[in-house]
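Note that the structure is predicted; figures quoted are calculated from it, not measured. We name chains A, B, ... by the order of the sequence lines, and we start the count at 1 in each one.
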Number of protein chains: 2
Amino acid sequence: MTKKGSEVTIRDVARRAGVSIATVSYVLNESAPISEATRRRVLAAAAELGYRPSALARGLRARESRTLGYSWHQRPPDYWHPILDRFLYSMAETAEAHGYHILTFTHSPHGRPWEAYEDLILTGRVDGFILSETNENDERIRYLLDRGFPFVAFGRANDEWDFPYVDVDGEAGVQTAVEHLLALGHRRIGCIAWPETSLTGRYRYQGYVNALENADIPVDPAWVVRTEHTEAAGRAAMHTLLSLPPERRPTAVVAISDLMAIGAMNALHEAGLTPGEDIAVVGFDDIPTAQYLRPPLTSLRQPIAEVGKRVVEMLLALIRGEELPERRVLLPPRLIVRASSGGPKA
Amino acid sequence: MTKKGSEVTIRDVARRAGVSIATVSYVLNESAPISEATRRRVLAAAAELGYRPSALARGLRARESRTLGYSWHQRPPDYWHPILDRFLYSMAETAEAHGYHILTFTHSPHGRPWEAYEDLILTGRVDGFILSETNENDERIRYLLDRGFPFVAFGRANDEWDFPYVDVDGEAGVQTAVEHLLALGHRRIGCIAWPETSLTGRYRYQGYVNALENADIPVDPAWVVRTEHTEAAGRAAMHTLLSLPPERRPTAVVAISDLMAIGAMNALHEAGLTPGEDIAVVGFDDIPTAQYLRPPLTSLRQPIAEVGKRVVEMLLALIRGEELPERRVLLPPRLIVRASSGGPKA
DNA sequence: CCCGGTAGTTGAATCGTTTCAACAACCGAC
DNA sequence: GTCGGTTGTTGAAACGATTCAACTACCGGG
């Protein structure tokens, strides 16, 4: 019935082993030469008592919390966060393997987003941050750079700032997807993209442009619809594309998010067409339900667990004061081919 | 370029305000009567210096971390966690409003699940836990009960153990859903359920039984298929139901999870039937894509943000040593009616 | 035989708070 | 004028670890 944590302190271990508390500390941290006999006695005493050093006391003295902060936005109902589960799990797993933990906190995307970060720094609760859903000129990044506080981002910001990040290579991903459509024989390929203001959207769109350029196919401006990240917008975009005259109308469409791809497929159904047979559709994200849609959606799967692992490992190296061998890491997504992408009229 | 947290300590504030550190502490915590003049001087000094008390030092002395631990399982790819995002956000938000934070960690569902919990207790990193995805005779609950450490669960365990929890009332939810189907004129209603070993599954199934009993409709055993929580299993279950002779075949089916409901709808498509027209389908969870399926899926939405809020508030009261007015809270899910549930032949 | 260096160990200072015990100053009551 | 009680303030002792400086023993080299 010990309400509060262990009553066993380093002093108890020292007493039992018949040594000073300094010796116990040295043994446990292997931070000084200790004779084999003493070492064994200390370890035995610690084990028998079930001793675990207090994280608070250690942190106070050593000026570290062995904790990493992570914050994410709350999204409106259908802008859900399909990957938080795996991302967070992967980060927690990696951190724990190195004796660290993850503290999750909230921040307001508008207003002063860095305030929550500042608070955690000043109270000494965290040794570093993981950022995600970064945007161009992200104020949190500017703040952390100014302060010189360790952090690693999942996502890029702009070309001027020099900071460590890991990102999924949306450009390469979409390029792969479009090349897949080209290989199936498609020549008129549409793109449902985000507004130009979205950095991630620009990278993904660039992949579309690259693939068509490599294939010597000029991009018909009518093939590109820029709209917001909702199912309704994706649906409307597809209706716009369908309204093109038959000889200009795309036979395949790549949507830069699954949510918009779902909208596109629903628009096809409304028009009495079958995705994957009449018009091919490809998405991006590979959300869990993608495989159960009718037809199952071809999509790009982000290596999200890998991102979580890399991001934490980089941050830990940074905290240890090491130079990072790679400060900017791009990981390719994997194209998962399903029935929504078929040949031009197959 | 302060790498580590604030260099400003309580001593700096005391010096600037011309008082002792004890006085500063009393002012900031309002834990002793202090004259208005001194109070003002201290607050001014603290504000000018941007002072924030060290969480580590405070925690060490006060024997508390103001941190709550939360752990969840990693699931296989299509057993995803549709609600982690909102649940965690809601918990973090509520905790922060009371000066607490959430520490996320991993534990192995098999082996010794309590080990990760024990470690956090012994190192004094957390003041209490939130548990989710509890199962019958959950070993973590048994461990925490034995130890007398504060925790609140999202989910129930068994009737013998007395511990505080919040849960979604699956029984009432499914009952509402079936009553909705009855009101539409359905009389032969099937149920795709989980194995009897699942506690949550038993509650949801009971709601189905209740509704039919209240309507004086005897349950035909052939209407009930118990199977696992996958799309493939849901699909197979629906094919089984469809193979019944027309006069016994259900005109509506309630699946106790959306994933199985998706499988059921896909089975209907495979059989050339239209969900919501030929056979009504209802799910449970209201996953984000439910609204975009064809047809959109009627489902039960869990008040997940409310659960997160309640769970944290209860835990904080427990940590303060208060008696809980309600130790067992059941929140009803809300039926979201969409096109997948139509009249018998409408 | 003396000296320098290393291995092994320890006492004590320190990290930045909270909080106890002590005390001064003042007030009103008798 | 003395006494008891409150109000306001402070010095110092914790909390439980890390780590510096100091010390002892011992060994080998000159």
Side-chain angles (χ1 to χ4, degrees), chain A residues 2-43 45-46 49-67 99 121-125 127, chain B residues 2-43 45-46 49-67 99 121-125 127:
Chain A
T2 36
K3 272 263 169 196
K4 283 296 167 184
S6 159
E7 308 294 293
V8 182
T9 75
I10 196 172
R11 229 165 285 277
D12 300 316
V13 178
R15 197 173 310 126
R16 178 157 191 134
V19 298
S20 73
I21 61 166
T23 302
V24 175
S25 173
Y26 289 138
V27 168
L28 263 34
N29 297 311
E30 303 184 8
S31 47
I34 298 288
S35 75
E36 185 56 25
T38 320
R39 209 181 79 84
R40 257 202 267 278
R41 251 184 313 135
V42 168
L43 290 179
L49 295 173
Y51 169 71
R52 305 275 1 243
S54 151
L56 266 43
R58 159 182 298 191
L60 174 60
R61 173 64 225 231
R63 309 180 134 338
E64 62 174 21
S65 61
R66 306 224 179 166
T67 302
I121 295 174
L122 292 183
T123 56
R125 267 181 197 278
D127 297 340
Chain B
T2 36
K3 273 261 170 198
K4 281 296 167 184
S6 158
E7 308 295 295
V8 182
T9 75
I10 197 172
R11 228 165 287 275
D12 300 316
V13 179
R15 197 173 310 125
R16 178 157 192 136
V19 298
S20 73
I21 60 166
T23 302
V24 176
S25 174
Y26 288 138
V27 168
L28 264 34
N29 297 311
E30 303 184 7
S31 47
I34 298 287
S35 75
E36 186 55 26
T38 321
R39 208 181 79 86
R40 258 202 267 278
R41 252 183 314 135
V42 168
L43 290 179
L49 295 173
Y51 169 71
R52 306 276 0 241
S54 152
L56 266 42
R58 161 180 297 192
L60 174 59
R61 175 62 226 228
R63 309 178 137 319
E64 62 175 19
S65 61
R66 304 222 181 169
T67 302
I121 295 174
L122 292 183
T123 56
R125 268 181 195 279
D127 297 341

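- Applying the side-chain contact (heavy atoms from CB on, under 4.5 Å) rule to I21(A) yields the partners I10(A), R11(A), A14(A); only residues at least two apart in sequence or on another chain are considered.
- Phosphate proximity of dG16(D) to R63(B): present, with a side-chain N or O under 4.0 Å from OP1 or OP2.
- With sequence neighbours excluded, the residues satisfying salt bridge (Lys or Arg N to Asp or Glu O under 4.0 Å) with R66(A) are E64(A).
- The shortest distance between the side-chain N/O atoms of R39(B) and the OP1/OP2 oxygens of dG8(D) is not below 4.0 Å.
- Partners of S20(A) according to the side chain to side chain donor-acceptor pair (under 3.5 Å) rule, which considers only residues two or more places apart in sequence or in another chain, are T23(A).
- The stretch residues 15-23 of chain A touches DNA chain C through V19(A), S20(A), A22(A), T23(A), each having a heavy atom under 4.0 angstrom from the strand.
- Checking the phosphate oxygens (OP1, OP2) of dT17(C), no side-chain nitrogen or oxygen of S54(B) falls inside 4.0 Å.
- For the helix from dC1(C)-dG30(D) to dC30(C)-dG1(D), the end axes, each set by the C1' atoms of five terminal pairs, are bent relative to each other by 60° (nearest 10°).
- Under the rule for a salt bridge (Lys or Arg N to Asp or Glu O under 4.0 Å), R41(B) has no partner lying at least two apart in sequence or in another chain.
- Applying the 4.0 Å criterion to OP1 and OP2 of dC20(C), one finds that Y26(B) has every side-chain N and O outside that range.
- Side-chain N/O atoms of R58(B) include one lying less than 4.0 angstrom from OP1 or OP2 on dT18(C).
- Annotation: side-chain contact (heavy atoms from CB on, under 4.5 Å) contacts of L43(B) (sequence neighbours excluded): V27(B), L28(B), R39(B).
- With sequence neighbours excluded, no residue satisfies salt bridge (Lys or Arg N to Asp or Glu O under 4.0 Å) with E30(A).
- Distance L56(A) CG to dC15(C) C1': 12 Å, rounded to the nearest Å.
- Contact check of residues 27-38 of chain A against DNA chain C (heavy atom, cut-off under 4.0 Å) returns P33(A), I34(A), S35(A), T38(A).
- Applying the salt bridge (Lys or Arg N to Asp or Glu O under 4.0 Å) definition to pairs two or more places apart or across chains, those involving residues 13-25 of chain B are D12(B)-R15(B), R16(B)-E48(B).
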